[in-house]
Asker: 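Here it is, the structure in full.
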Amino acid sequence: MYVRVFKPAIDVVLALTASMVLSPLMLAAALAILIEDGRPVFFIHERVGREGRVFKIFKFRSMGKNTAVVPSTDVAQHQVTKVGALIRRLNIDELPQLFNIIQQQMSIVGPRPGLPSQTDLHEARRSNGALALRPGITGQAQINSYDGMSTEAKAVFDGEYARCISFWTDMKIILLTVRYLLKPPPVY
């Protein structure tokens with residue numbers, strides 16, 4: 001009942017509230033990107049979601065125009081703009097995903113959506129039940145040092161989450177995400 005009814009409702013209410021509260025910050029980020037590097041402000045690309053369906057994810061653009069779509073671990077430092085480095089460090093680049101949550105393509109907590117080319121990750125998630133979930137802005141793998149983590153390790157954490165999903169598990173992951181965001185920023 002939680003996964004089918006309450007979790008999606010909580011996600012939409014929280015995403016609507018957060019998007020209203022954070023709208024000045026999102027507007028400032030959009031203006032900074034526009035001033036530094038012009039249009040487009042958003043980076044919209046395909047990701048794999050629930051049951052393997054492909055959807056368009058929204059992010060603030062943090063790299064120069066026409067940069068190739070690759071996992072963040074493969075991004076060269078020179079491709080990230082000055083504003084992009086700041087919004088990545090503060091995780092502001094992820095805020096437009098609130099719109100994906102409102103559209104019910106994503107959840108606040110769930111496995112991070114992979115690129116279509118990450119077939120090993122999708123197959124591992126299919127076998128452990130994680131691919132049946134809506135992808136999230138944060139999840140079990142993110143609070144356990146996601147950057148640099150192997151595909152197998154990500155899938156294991158995602159499978160653990162799929163097996164123990166509950167309101168309390170989601171609250172724990174959200175609180176640990178806040179703690180993670182307060183740590184020194186990741187290096188790209």
Side-chain angles (χ1 to χ4, degrees), residues 1-33 41-62 72 84 86-115 121 125 128-147 149 154 157-183 185-186:
M1 184 77 149
Y2 172 71
V3 174
R4 283 180 284 147
V5 178
F6 295 114
K7 184 174 172 64
I10 292 168
D11 284 338
V12 170
V13 168
L14 289 177
L16 283 168
T17 304
S19 61
M20 286 186 281
V21 169
L22 297 171
S23 61
L25 179 61
M26 293 170 63
L27 181 60
L31 287 173
I33 294 165
V41 170
F42 295 105
F43 180 59
I44 302 170
H45 58 105
E46 292 185 339
R47 291 293 179 107
V48 174
R50 185 176 182 190
E51 301 297 346
R53 288 188 292 267
V54 175
F55 71 100
K56 302 245 188 240
I57 195 170
F58 303 106
K59 294 178 89 170
F60 281 122
R61 186 170 58 83
S62 61
S72 56
L86 178 64
I87 64 173
R88 278 178 165 221
R89 186 170 66 236
L90 299 174
N91 289 293
I92 294 169
D93 61 324
E94 307 288 345
L95 291 179
Q97 290 169 39
L98 293 169
F99 302 121
N100 290 110
I101 294 172
I102 293 166
Q103 295 175 15
Q104 296 191 0
Q105 298 165 322
M106 289 181 67
S107 182
I108 292 171
V109 179
R112 282 297 295 159
L115 295 168
L121 178 61
R125 285 177 173 169
N128 67 21
L131 198 62
L133 304 174
R134 281 192 184 104
I137 289 180
T138 188
Q140 190 75 27
Q142 285 66 41
I143 61 171
N144 287 287
S145 301
Y146 183 81
D147 288 336
M149 186 181 287
K154 288 176 193 175
F157 281 118
D158 296 337
E160 287 175 9
Y161 175 72
R163 284 188 299 281
C164 67
I165 188 171
S166 71
F167 175 78
W168 299 113
T169 303
D170 284 358
M171 291 302 106
K172 177 184 171 189
I173 290 171
I174 290 168
L175 290 173
L176 290 172
T177 299
V178 170
R179 188 179 84 180
Y180 173 81
L181 292 174
L182 296 175
K183 290 186 345 186

Asker: For the residue pair Phe157 and Met149, establish whether any side-chain heavy-atom pair is separated by less than 4.5 Å.
Answerer: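 Yes, at least one pair of side-chain atoms sits under 4.5 Å.
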
Asker: Holding to side-chain contact (heavy atoms from CB on, under 4.5 Å), I want the full list of residues that pass it with Ala15, two or more places apart in sequence or in another chain.
Answerer: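 Here the qualifying residues are Leu98, Ile101, Ile102.
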
Asker: Restricting to side chain to side chain donor-acceptor pair (under 3.5 Å), what partner residues turn up for Gln104, sequence neighbours left out?
Answerer: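 Counting only residues at least two positions away or on another chain, Gln104 forms no side chain to side chain donor-acceptor pair (under 3.5 Å).
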
Asker: Out of curiosity, Thr177 OG1 to Gln140 CD, how far, rounded to the nearest 0.5 Å?
Answerer: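 The OG1 atom of Thr177 sits 9.5 Å away from the CD atom of Gln140.
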
Asker: Is the shortest side-chain heavy-atom distance between Gln105 and Pro113 below 4.5 Å?
Answerer: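 No, their side chains stay 4.5 Å or more apart.
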
Asker: Is there a side-chain contact between Val48 and Leu131, using heavy atoms and a 4.5 Å cut-off?
Answerer: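 Sidechains of Leu131 and Val48: in contact.
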
Asker: Just so I know, are the side chains of Ile57 and Arg112 near enough to count as touching, which here means a heavy-atom distance under 4.5 Å?
Answerer: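 The answer is yes; the side chains approach within 4.5 Å.
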
Asker: Quick one: CG on Leu176 to CE on Met171, what's the gap to the nearest 0.5 Å?
Answerer: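 Rounded to the nearest 0.5 Å, the CG-CE separation comes out at 12.0 Å.
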
Asker: Shortest non-hydrogen contact from Pro135 to Arg50?
Answerer: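 Nearest pair, atom of Pro135 first, then Arg50: CD-N, 3.7 Å.
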
Asker: Can you check whether Lys154 reaches Gln142 side chain to side chain, under 4.5 Å on heavy atoms?
Answerer: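 Lys154 vs Gln142: side chains apart.
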
Asker: Side chain to side chain donor-acceptor pair (under 3.5 Å): which pairs involve residues 9-28, sequence neighbours left out?
Answerer: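 The answer is Asp11-Ser107.
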
Asker: Search all heavy atoms of Ile92 against all heavy atoms of Ala29 and return the closest pair with its distance.
Answerer: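 In terms of heavy atoms, the two residues are closest at CG2-CB, 3.8 Å.
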
Asker: Mind checking whether Leu175 and Val178 have side chains closer than 4.5 Å, heavy atoms only?
Answerer: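 A side-chain contact is absent here, since even the closest heavy-atom pair is not under 4.5 Å.
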
Asker: Apply ring-ring contact (aromatic ring centres under 6.0 Å, His included) to Phe42 and list each qualifying residue two or more places apart in sequence or on a separate chain.
Answerer: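 Per chain and number, Phe42 pairs via ring-ring contact (aromatic ring centres under 6.0 Å, His included) with Phe60.
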
Asker: I need the Leu14 CG to Ile108 CD1 distance, nearest 0.5 Å.
Answerer: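 Spacing of CG (Leu14) from CD1 (Ile108) equals 4.0 Å.
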
Asker: Determine the minimum heavy-atom distance between Arg61 and Ile87, stating which atoms define it.
Answerer: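 Looking at all heavy atoms of both residues, the shortest contact is O-CD1, 3.9 Å.
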
Asker: Out of curiosity, Asp158 CG to Arg125 CZ, how far, rounded to the nearest 0.5 Å?
Answerer: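 One gets 4.0 Å once the value is rounded to the nearest 0.5 Å.
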
Asker: Which residues pass the side chain to side chain donor-acceptor pair (under 3.5 Å) test with Asp170, sequence neighbours left out?
Answerer: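 Tyr2, Lys7, Tyr161.
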
Asker: Out of curiosity, Ser62 OG to Arg89 CZ, how far, rounded to the nearest 0.5 Å?
Answerer: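 The distance works out to 12.5 Å.
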
Asker: Evaluate the side-chain proximity of Gln97 to Lys59: yes if any heavy-atom separation is below 4.5 Å, no if none is.
Answerer: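 Yes, close enough: below the 4.5 Å cut-off.
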
Asker: Listed by chain and number, what are the salt bridge (Lys or Arg N to Asp or Glu O under 4.0 Å) partners of Lys56, not counting sequence neighbours?
Answerer: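 Expected list: Glu46.
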
Asker: For Ala130 and Gly159, which heavy atoms make the closest approach, and how far apart are they?
Answerer: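 Closest approach of Ala130 to Gly159, heavy atoms only: CB-N, 4.2 Å.
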
Asker: Any idea which heavy atoms bring Ala162 and Asn128 closest together, and the distance?
Answerer: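 That closest heavy-atom pairing would be CB-O, 4.1 Å.
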
Asker: Could you measure the distance from the CG atom of Leu22 to the CG atom of Leu27? Nearest 0.5 Å is fine.
Answerer: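 Answer rounded to 0.5 Å: 12.5 Å.
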
Asker: Are Thr138 and Tyr180 packed together at the side-chain level, in the sense that at least one heavy-atom pair is separated by less than 4.5 angstrom?
Answerer: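 They are not in side-chain contact.
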
